[in-house]
Amino acid sequence: MRFYILGFPKKFTPFVTAALLLLIAGTASSAAEPQALPTPEIHRIADIFQPLSRPAELLLEPTHLVLLICLGIFLVVMAVLVYVLIKFRPRGPEDHLEEPPQVYGSYNIEMAWTVIPCLIVFVLVLVSARSIVEIQDQPMPEDAIQIRLIGHQWWWEIQYPELGIITANEIHVPVSSRDGKPRPTHIILESADVIHSFWVPQLAGKTDLVPNRVNHTWIEPFKTGVFLGNCAEFCGTQHANMLLRVVVQSPEDFQKWVENQKQLPSEPKDVIAIQGKKDFYDLSCVACHKIDSTPAEGVFGPDLTKFATRQTLGAGVAENTPENLHAWLVQPDSLKTGCYMPDMKLSPQQLASLVAYLQTLK
Ligand code: CUA
């Protein structure tokens with residue numbers, strides 16, 4: 001009787017056993033590696049049916065209308081399909097041999113299936129055009145907050161030109177009021193590389209960030225809190241991890257945030273952090289990152305002047321904690337495959353000091 005291991009004949013047994021042993025050894029050595037990276041928190045995409053800001057509110061009614069029309073079309077098509085499938089099903093083994101009667105030139109049917117879709121499309125175009133014009137023509141008050149939002153592969157640069165603030169991946173705006181004074185935020189959209197799309201479902205519909213073009217949108221949230229958004233236009237490998245947060249604050253909290261962002265971070269006092277500051281300038285971090293009033297002037301990566309005040313790192317890929325920052329610096333690719341921040345091959349001492357220094361940037 002023949003003997004099989006995993007379906008191989010007995011004469012192959014020594015090779016199969018050796019392959020299995022190698023496989024087990026390989027698994028054991030990779031499992032024994034000390035580098036256990038934390039799993040980044042996964043954020044749910046917010047609901048367009050629960051808008052908490054204009055212009056998302058202005059889009060709710062047209063969205064319902066479009067969905068209702070599409071649902072109607074779906075039901076009619078499905079009903080006709082099911083009717084045809086049942087009524088004209090084969091009724092015997094000979095049934096399919098005979099060609100069914102061919103119908104040509106029915107004026108009524110052809111008119112119906114041309115005119116009705118044209119009318120439906122016309123209604124949808126009018127509804128969309130009205131919403132677009134309504135949102136585009138919205139006058140902004142003189143004191144509206146101005147933001148310049150620049151899309152990069154794969155993060156968001158955020159500038160407040162009037163306030164002199166530059167940050168990344170986390171927009172802060174004041175809450176508006178329906179009865180009192182409106183506080184909308186005007187957002188100028190640009191791109192540094194490819195087409196991206198700004199989308200914070202509960203605040204506003206999508207608007208693209210197109211290279212060599214300036215687009216505009218605005219938000220006017222009526223509720224405080226953190227609103228999750230994301231890039232809504234495929235822009236490369238890490239498109240899915242180009243996340244955005246909008247932190248809507250009370251006017252007082254927003255003012256506090258502005259004051260803090262304008263102040264330079266205090267000098268590190270801790271020995272390890274002082275070493276980290278030195279390492280930051282000795283390594284090539286400065287080529288890509290900017291820290292105000294220091295020799296770090298790079299603009300390819302996010303501005304780090306107030307890095308420690310931000311909730312996430314890697315454009316929302318992980319919570320901004322010392323552990324995640326450490327994992328990010330060990331190998332940015334492990335949290336965000338294909339990202340443009342290189343693995344700097346840092347020594348454990350450099351890692352510890354850089355983490356300590358970056359934590360002081362607040
Ligand atoms: Cu940026 Cu997708």
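Counting starts at 1 for both ligands and their atoms, in listed order. These numbers come from the heavy atoms of this one structure, side chains and all, not from hydrogens, waters or symmetry mates. Predicted model, so just to flag it, every value in this text is computed and none were measured.
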Name of the E233 N, O or S atom nearest atom 2 (Cu) of ligand 1? O
Please confirm if an N, O or S atom belonging to Q153, backbone or side chain, lies less than 2.8 Å from atom 1 (Cu) of ligand 1. no
Among K256, Q261, Q255, Q263, which residue satisfies the side-chain hydrogen bond (donor to acceptor under 3.5 Å, both in side chains) criterion with E259? Q255
Under 2.8 Å from atom 1 (Cu) of ligand 1, is there an N/O/S atom belonging to H239? no
Would you call the rings of Y160 and F254 parallel, tilted or perpendicular, where under 30° means parallel and over 60° means perpendicular? tilted
Angle in degrees, rounded to 10°, that SG of C235 and SD of M242 form at atom 1 (Cu) of ligand 1: 110°
Does some side-chain heavy atom of I73 sit less than 4.5 Å from a side-chain heavy atom of V76? no
Relative to atom 1 (Cu) of ligand 1, which of the N, O or S atoms in H196 is the closest? ND1
Please tell me if the side chains of V175 and P251 come closer than 4.5 Å, counting only heavy atoms from C-beta onward. yes
Is it the case that the ring center of W328 lies less than 6.0 angstrom away from the ring center of F307? no
